[in-house]
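Positions are given from 1 along the sequence.
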Amino acid sequence: MHGSPMKTDRHHEARARRRSVTDRLAERVGRATAFGHRIDSVWTGLRRRRASGHWTSLFGVVTFAALVVVTVTGVLLMFFYTPSGEPTTYAGSYGPLHGAEVSKAFASTMNVTFDVPGGRLLRQTHHWAALLLPASIVLQLVATFFTGGFRRPRRGMWVLLMLAFIAVLATGWSGYALPDDMLSGTGLRIVEGIVLGIPVVGTALKTALFGGSFPGRIIENVYPLHTVVFPAALVLFVALRGIAAGRHGSPRFPGGRGAARHGLPLLPTAAARAGGLFLVVTGLLVLMAATVTVSPIWLYGPGDPGSAGAGSQPDWYTGFLDGALRLVPPGWEITWLGRTWTFAVLAPLAVVSAFFAVVATYPFVEAWVMDDRREHDLLDRPRVAPTRTGIGVAGLVFAGVLWAAGGADVIAGAFSVSIEHVILSLQCALVIGPVIGFSAARRVCLGLQRKDRDLLEHGYETGRIVRLPGGEYVEVHQPLDDAERARIAPPPAPSPPDLGPDQRGTRTVGRRVRARLWAFYAEDRIDAAAPQADRAQLPVSRR
């Protein structure tokens, strides 16, 4: 039975009154502007879009929040900071340094810390946000890698995320030097040694960076890099990645229920969730800045070209670079072409550069090996790609060992062992650790695949034991519903590419290498569950 026309009209009027504030605001803006039809179409498109409801999608919100906080606080700090290495006499509020000769950069940083109202909170918020930003990007990289979110059509987004991470490293390093305290001066002295160790171009690079003998004009030269060049590159990469994400949409995991299966409405649900997390992250950064001291330059003292701080450690996100230098055995250098080639510098630079290159190009390598030209809007559970997961764990172990080596002296002091023994152990771990990590992760993934296959075949164990008419005791299983079966069902096995002999009857080296790599990637997997007709008929619970 249909309702009367009067009731229908009242129903539509009630729905119109229940429209959200944002809908009514968008409609009014559209009517008041010349581009009303375009605004209305854009708004309608946004309302129809859905965003990922998985928790890993929140790392991007954390990255955006940290980026906004570090940008706002950095712009405010620019009004008080003096980027100059010229000497001056300190006359601020910190008594122990009265009358000391310091640089104008150090004096202005001390002025922000002790004399500008709220300056210490502002400076520490900037520093904590700068420490959180690379951590959130690393978590994005890890989550994207293990779920296969870098595959076509999002390979460019993966490269942009890697470039954003490198830009964050460069921005953080350049900001590390600006206070001109003893800690940053020690770090700059290490940078000078690394640059001078590069054959042929090292001296020219050192002159361009420092502008003369150490410390030269390093503050004046690094300041525009920290405030303009590197941040502009970072914002560009993040913006391009955001545009690409809007074009390709959010990938999702297969199966599941509710938001996990269909995603969340972008407006207002996903936007409200992202906005709430943005406020939480911002509030936590301010709270940490107000309660936890970071970078106490008044304790380090002003930078001195003739001195170095004992126990100096870089910020956490550059620790792997310092660790790579520490793990090179002593005496690694040769004389060739009339020049001294110091592998203590060249080897770490080559290893770290190769590591970044492999990470950035991995999506293209995997697609080439697997002959994968499809577009993937479904993510993988890490267990269904044992080789990829093993490679990811091996990379994390490799980077983790380098990072731990950056604090080898701290480890030696904390455990009262010889620094030489710590370095030797980390050198062995750098070679053996990734192999063990790869093998262990791969075995774990295969074990989890067997568990999923058993679930697909028999269902969940219920703990109920029944006796069959023949006297046999069996356990009752709870069958999986369709959504759960779709969630844990493995993807179809990849088809091997045609890598046999070519038209001339020969197999090139490239084809043989690719065939071996394909077997390495695809053959070590657990077969899918048998069809329903082939399974053993066990009692099931029909709740």
Legend entry - Distance (rounded to the nearest 0.5 Å) between Leu455 CG and Arg450 CZ: 14.5 Å
Inset, instruction - For Asp454, check salt bridge (charged side-chain N to carboxylate O under 4.0 Å, His left out) against everything at least two apart and list the hits. - result: none
Legend entry - Value rounded to 0.5 Å, distance of CG in Leu402 from CZ in Phe398: 4.5 Å
Inset, instruction - Identify which one of Trp158, Phe356, Phe145 satisfies the ring-ring contact (aromatic ring centres under 6.0 Å, His included) criterion when paired with Tyr362. - result: Phe145
Legend entry - Donor-acceptor contact present, side-chain Arg514 to main-chain Trp368, <3.5 Å: yes
Legend entry - Pair Arg373 + Asp371, salt bridge at N-O below 4.0 Å: yes
Legend entry - Electrostatic pair Asp481-Arg485, nearest N-O below 4.0 angstrom: no
Legend entry - Taking every non-hydrogen atom, the tightest pair across Ala489 and Leu456: CA-CD1, 4.0 Å
Legend entry - Heavy-atom check, side chain of Phe146 versus side chain of Leu396, under 4.5 Å: yes
Inset, instruction - Return yes when atom CH2 of Trp518 has more than 12 non-hydrogen atoms of other residues, nucleotides or ligands closer than 6.0 Å, and no otherwise. - result: yes
Inset, instruction - Measure the CZ-OG1 distance between Arg241 and Thr63 for me, rounded to the nearest 0.5 Å. - result: 8.5 Å
Inset, instruction - Taking all heavy atoms of Arg273 and all of Ser57, pick out the closest pair and write down the distance. - result: NH2-OG, 3.4 Å
Inset, instruction - Could you tell me whether a side-chain N or O of Trp403 sits under 3.5 Å from a main-chain N or O of Trp316, the two making a donor and an acceptor? - result: yes
Legend entry - Ion pair check, Asp372 and Arg151, cut-off under 4.0 Å: no
Inset, instruction - Starting from the C-alpha separation in whole Å, work towards a yes-or-no answer on side chain to side chain contact (heavy atoms under 4.5 Å, CB included) for Leu426 and Arg326. - result: CA-CA 10 Å; Leu426 291 173; Arg326 298 188 184 199; over 6 Å; no
Inset, instruction - Verify, without hydrogens or angle tests, whether Ser174 (side chain) and Ala170 (backbone) share a donor-acceptor contact under 3.5 angstrom. - result: yes
Inset, instruction - Using modelled atom types only, decide if a donor and an acceptor are shared between the side chain of Ser136 and the backbone of Leu133 within a distance under 3.5 Å. - result: yes
Legend entry - Which residues share a ring-ring contact (aromatic ring centres under 6.0 Å, His included) with Phe364, sequence neighbours left out: none
Inset, instruction - Taking Thr462 for its side chain and Val476 for its backbone only, find out whether a donor-acceptor pair lies under 3.5 Å. - result: yes
Legend entry - Heavy-atom side-chain proximity of Glu457 to Arg453 below 4.5 angstrom: yes
Legend entry - 4.5 Å side-chain heavy-atom contact, Asp452 and Pro490: no
Legend entry - Aromatic ring proximity Phe355/Phe320, centre distance under 6.0 Å: no
Legend entry - Residue pair Phe278, Val68: steps toward the side chain to side chain contact (heavy atoms under 4.5 Å, CB included) verdict: CA-CA 10 Å; Phe278 178 92; Val68 170; 3.9 Å; yes
Legend entry - Shortest non-hydrogen contact from Pro254 toward Leu379: CD-O, 3.3 Å
Inset, instruction - Nearest 0.5 Å please: distance from the CZ atom of Phe165 over to the CG atom of Leu161. - result: 9.5 Å
Legend entry - Donor-acceptor contact below 3.5 Å, side chain Thr318 vs main chain Asp315: yes
Inset, instruction - Report the distance from atom CD1 of Ile137 to atom CG of Leu234, rounding to the nearest 0.5 Å. - result: 6.0 Å
Inset, instruction - May I ask you to decide if His376's main-chain N or O and Arg154's side chain share a donor-acceptor pair within less than 3.5 Å? - result: yes
Inset, instruction - Using a strict 4.0 Å threshold on nitrogen-to-oxygen distance, state whether Arg464 and Glu475 make a salt bridge. - result: no
Inset, instruction - Flag yes if more than 12 heavy atoms outside Phe64 fall under 6.0 Å of its CZ atom; otherwise flag no. - result: no
Inset, instruction - Output, in order, the C-alpha distance, side-chain angles, deciding distance and verdict of side chain to side chain contact (heavy atoms under 4.5 Å, CB included) for Gln478 and Glu461. - result: CA-CA 6 Å; Gln478 174 72 28; Glu461 298 177 355; over 6 Å; no
Legend entry - Sidechain-backbone polar pair: Thr387 side chain, Phe520 backbone, donor-acceptor under 3.5 Å: yes
Legend entry - Test item: Met288 and Gln124 side chains (from C-beta on) under 4.5 Å apart, heavy atoms: no
Inset, instruction - To the nearest 0.5 angstrom, please state how far the CZ atom of Phe59 sits from the CD atom of Gln140. - result: 8.5 Å
Legend entry - Smallest separation among heavy atoms of Val384 and Asp380, with atom names: CG2-CB, 3.7 Å
Inset, instruction - Go through Ser295 and His126 one step at a time and tell me if the side chain to side chain contact (heavy atoms under 4.5 Å, CB included) criterion holds. - result: CA-CA 11 Å; Ser295 185; His126 182 77; over 6 Å; no
Inset, instruction - Using a 4.5 Å cut-off on heavy atoms from C-beta on, say whether the side chain of Arg443 contacts that of Phe438. - result: no
Inset, instruction - Taking Glu375 for its side chain and Arg152 for its backbone only, find out whether a donor-acceptor pair lies under 3.5 Å. - result: no
Inset, instruction - Please say which of Arg155, Glu366, Met162 ends up in a side chain to side chain contact (heavy atoms under 4.5 Å, CB included) with Phe150. - result: Glu366
Inset, instruction - Ignoring hydrogens and angles, tell me if any N or O in the side chain of Arg252 forms a donor-acceptor pair with the backbone of Asp377 under 3.5 Å. - result: no
